[in-house]
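Both backbone and side-chain heavy atoms feed into the values below; hydrogens, waters and symmetry mates do not. Bear in mind that the values here come from a model prediction, so they are computed numbers and not experimental data. Residue numbers run from 1 in the order of the sequence given.
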Amino acid sequence: MKHIRKIIAVIIVAVIGFQVYSQFSSSTTGVAQEDKILNLSVASEPIMDPAFVTDSYSMPMIKNIFEGLTRPTNEGEIVPAMAESWDVSEDGKTYTFHLREGIEWNNGDPVTAADFEYAWRRIINPETGAPNASKMFVIEGAEAYFMGEGSEEDVKINAVDDQTFEVTLAEPAPYFIELTARQTTMMPVHQATVEADGSWATEAGEQFVSNGPFNFVEWNHNGDYTLEKNEGYWDVANVDLDGVHVRIIEDAMTANMSFDNEELDFIGIPFNTIPADAIDSYRENGELDVTEIGATYKYKLNTTDEVMANVNIRRALSLAINRQELIDNVVKGEQTPALGGIAPTVKGFEEDRGYFEDADYETAREYLAQGMEELGYDDATAMPIVIQTNDNDSHMAVAQFIQNEWERELGVQATIETAEINVHFESMSQLNYQVGRIGPTVDFNSAYAFLDHYYAAGNGQNRTGWESAEYQQILDDVLFEEDESVQRNMYLKAEEILMDEMPFIPIYYYSNPQVVNDRVDGLFVDGMVDVQLKEVTITE
């Protein structure tokens with residue numbers, strides 16, 4: 001039986017915010033100063049091809065520049081988008097989508113079912129090299145084709161006619177409609193544009209053809225980029241913003257000062273994070289709002305590394321962290337200590353499952369001694385351990401706290417290395433690291449979505465080199481279990497394996513401390529870190 005793997009590379013990262021120049025002129029943006037412009041910022045250059053995006057800076061923007069068959073609302077409802085309706089077969093495997101009449105690309109070409117077929121087949125074509133092709137393995141034949149074990153003709157994606165798009169799944173997946181709303185891999189692309197120029201997504205402007213509520217009109221690399229309302233969008237009457245200006249700002253403190261100067265409209269994941277030193281001030285002023293996010297701040301461990309291959313070393317490092325102290329004194333965002341692999345946003349997993357104790361230093365030292373004996377180390381200071389994180393003050397503060405914990409409680413002298421965000425994640429994907437910071441979200445709020453990242457070592461979001469046949473079997477079997485209580489027990493068993501093997505160290509479950517400019521309404525970040533810019537309104 002082929003396993004359904006739905007990886008969402010929704011890596012949550014910590015340096016995004018809203019900013020714009022005070023002199024925002026029509027000569028540089030294409031919109032007049034009196035227009036309704038929302039001001040954002042990101043920490044690095046975006047990736048604007050839906051086939052290749054893996055970072056959470058780019059994903060929210062792509063989902064507002066392109067539009068899939070469905071989309072989420074601020075209320076969490078999945079509603080029709082390019083498709084006005086759909087039918088599901090009696091066995092729950094075949095979905096037939098009926099596209100709207102008159103929908104267009106921003107160059108005037110009609111959006112058809114063939115555009116979706118082309119885009120989805122492009123993702124799973126091995127020659128494309130899409131990093132998250134496994135997101136599409138829910139579709140019958142997709143995994144076999146991508147792995148070279150089947151033909152493209154066997155992939156059950158079919159444009160029946162211009163307005164009818166049919167998809168057959170490998171197995172029933174009740175969450176499939178939500179995937180069509182949230183996964184960038186399921187966005188359409190304009191075939192003629194993609195095939196005419198392989199670099200089509202590296203510049204903005206007329207050559208960037210899209211179908212969402214906003215057009216990608218200008219891009220000053222390593223500086224800023226601009227979106228404008230797409231007047232040809234099918235639901236343009238319900239889009240209030242005239243444009244969005246996004247500036248690349250790497251430093252969270254800089255973004256925070258800009259918000260204080262009313263140059264930013266919002267600070268909060270995924271549009272920057274509030275620096276820990278500023279959270280208390282916003283809280284005291286009554287400006288701070290905190291919401292839950294379905295994601296975990298974690299340190300992944302490269303189990304192919306000589307030291308990290310030892311499970312007892314992995315366990316020791318995990319237990320020798322005082323998570324609550326870290327939250328109270330460093331990150332300060334009302335997070336919850338993470339002592340498992342499934343976030344408490346999932347129903348039935350709100351409470352701790354008791355896999356290990358926070359700051360259990362005594363047990364950590366026992367594991368360390370056993371691991372050092374197995375590896376042949378007599379001195380913990382001689383054991384090389386490197387923490388790698390992206391270059392950001394907030395992540396550095398966490399790394400320094402954990403570095404100090406390990407040295408004080410275990411005698412381990414870890415070093416810290418930083419890298420530019422895209423370099424950092426790429427090195428983790430290539431398993432060129434020992435201990436690496438990451439904060440992935442999931443594409444739907446289910447225990448399965450959190451566990452599936454670790455189904456196989458080759459999964460795009462695994463990044464640990466770890467896999468387990470027993471773990472795989474549980475995730476295979478749970479797809480056919482209809483009893484919710486039995487399902488939960490199966491998920492608990494899989495989570496127990498994860499927490500015993502410890503291919504990653506869970507640190508805290510994300511919260512989203514945020515502040516918003518009074519002139520902005522409808523700017524809402526949901527638990528899956530999606531933002532519907534078409535629902536944002538501005539009052540001057």
Side-chain angles (χ1 to χ4, degrees), residues 8-9 46-53 58-72 78-86 95-125 128 130-133 135-136 138-139 142 152 155-169 176-198 200-201 204 206-216 227 230 232-236 443 530 532-534:
I8 184 92
I47 298 171
M48 287 302 188
D49 185 338
F52 293 99
V53 61
S58 306
M59 283 184 180
M61 307 315 298
I62 282 183
K63 294 176 187 179
N64 287 281
I65 297 170
F66 292 90
E67 183 167 270
L69 296 164
T70 64
R71 67 181 304 124
I78 305 301
V79 299
M82 289 287 104
E84 63 180 357
S85 64
W86 52 88
Y95 288 72
T96 304
F97 295 91
H98 307 284
L99 272 59
R100 298 178 185 277
E101 293 186 4
I103 50 178
E104 295 182 347
W105 295 98
N106 60 4
N107 69 350
D109 290 349
V111 176
T112 69
D115 294 316
F116 282 92
E117 179 175 356
Y118 169 76
W120 290 22
R121 289 185 182 276
R122 176 177 178 246
I123 296 290
I124 59 174
N125 186 335
T128 301
N132 288 318
K135 292 180 181 181
M136 308 297 283
V138 65
I139 299 167
E152 183 179 5
V155 178
K156 300 301 183 182
I157 303 171
N158 181 35
V160 178
D161 55 42
D162 283 351
Q163 292 180 270
T164 310
F165 182 54
E166 185 177 88
V167 183
T168 299
L169 309 184
F176 179 66
I177 290 297
E178 187 167 359
L179 300 187
T180 65
R182 297 191 185 274
Q183 292 193 143
T184 57
T185 53
M186 291 187 174
M187 300 292 170
V189 292
H190 187 255
Q191 182 173 355
T193 296
V194 175
E195 293 182 343
D197 184 359
W200 68 277
E206 292 184 1
Q207 74 275 14
F208 194 97
V209 180
S210 59
N211 70 320
F214 295 92
N215 295 328
F216 187 36
L227 313 183
N230 177 7
Y233 176 59
W234 69 272
D235 197 29
V236 67
D443 53 352
D530 277 335
Q532 304 306 313
L533 296 179
K534 67 177 289 186

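Asp49 places a side-chain heavy atom less than 4.5 Å from the side chain of Arg122. A heavy-atom distance below 4.5 Å is found between the side chains of Met187 and Lys63. Between Met186 and Leu179, the closest side-chain pair of non-hydrogen atoms falls below 4.5 Å. By the 4.5 Å heavy-atom criterion applied to side chains, Phe116 and Ile157 are not counted as neighbours. Residues Trp105 and Asp115 meet the side-chain proximity criterion, which asks for heavy atoms closer than 4.5 Å. In this structure, Thr70 and Trp86 have side chains that are in contact, with non-hydrogen atoms separated by less than 4.5 Å. Counting heavy atoms from C-beta on, the side chains of Pro213 and Gln532 never come closer than 4.5 Å. You'll find the side chain of Phe165 reaches within 4.5 Å of the side chain of Glu117, heavy atoms only.
Under the side chain to side chain contact (heavy atoms under 4.5 Å, CB included) test applied with Arg71, the options Asp235, Asn64, Ile78, Thr180 reduce to a single match, Asn64.
Note: Phe66 and Phe216 fail the aromatic proximity criterion, with ring centroids not under 6.0 Å apart.
Contact detail for Glu67 and Trp234: the closest heavy-atom pair is OE2-NE1, 2.7 Å. Considering every non-hydrogen atom in both Ala113 and Thr164, the closest pair reads CB-O, 3.3 Å. The heavy-atom pair separating Ile62 from Ile47 by the smallest distance is CD1-O, 3.3 Å. Residue Ala51 comes nearest to Ala130 through the heavy atom pair O-CB, 3.4 Å, listed as atom of the first residue, atom of the second, then distance. For Asp530 against Pro72, the heavy-atom pair with the smallest separation is OD2-CG, 4.0 Å. Nearest heavy atom pair, residue Tyr233 against residue Asn211, reads CD1-O, 3.8 Å.
Note that CE of Met61 and OG1 of Thr184 are 14.0 Å apart. Values are rounded to the nearest 0.5 Å. Separation of atoms CD1 (Ile139) and OH (Tyr95) is listed at 11.5 Å; rounding is to 0.5 Å. Atom CG of Leu69 sits about 6.5 Å away from atom CG of Leu99, to the nearest 0.5 Å. Glu206 CD to Asn107 CG: the interatomic distance, rounded to the nearest 0.5 Å, is 10.0 Å. Between the CG atom of Asn106 and the CG atom of Asn215 there is a distance of 4.5 Å, given to the nearest 0.5 Å. Summarising the geometry, atom CG belonging to Leu533 is positioned 7.5 Å from atom CG belonging to Leu227; distances are rounded to the nearest 0.5 Å.
Using the six-membered ring where Trp is involved, Phe176 and Trp120 have ring planes that are perpendicular, over 60° apart on the 30 and 60° scheme.
Between the side chain of Asn230 and the backbone N or O of Gly212, at least one donor-acceptor pair lies under 3.5 Å.
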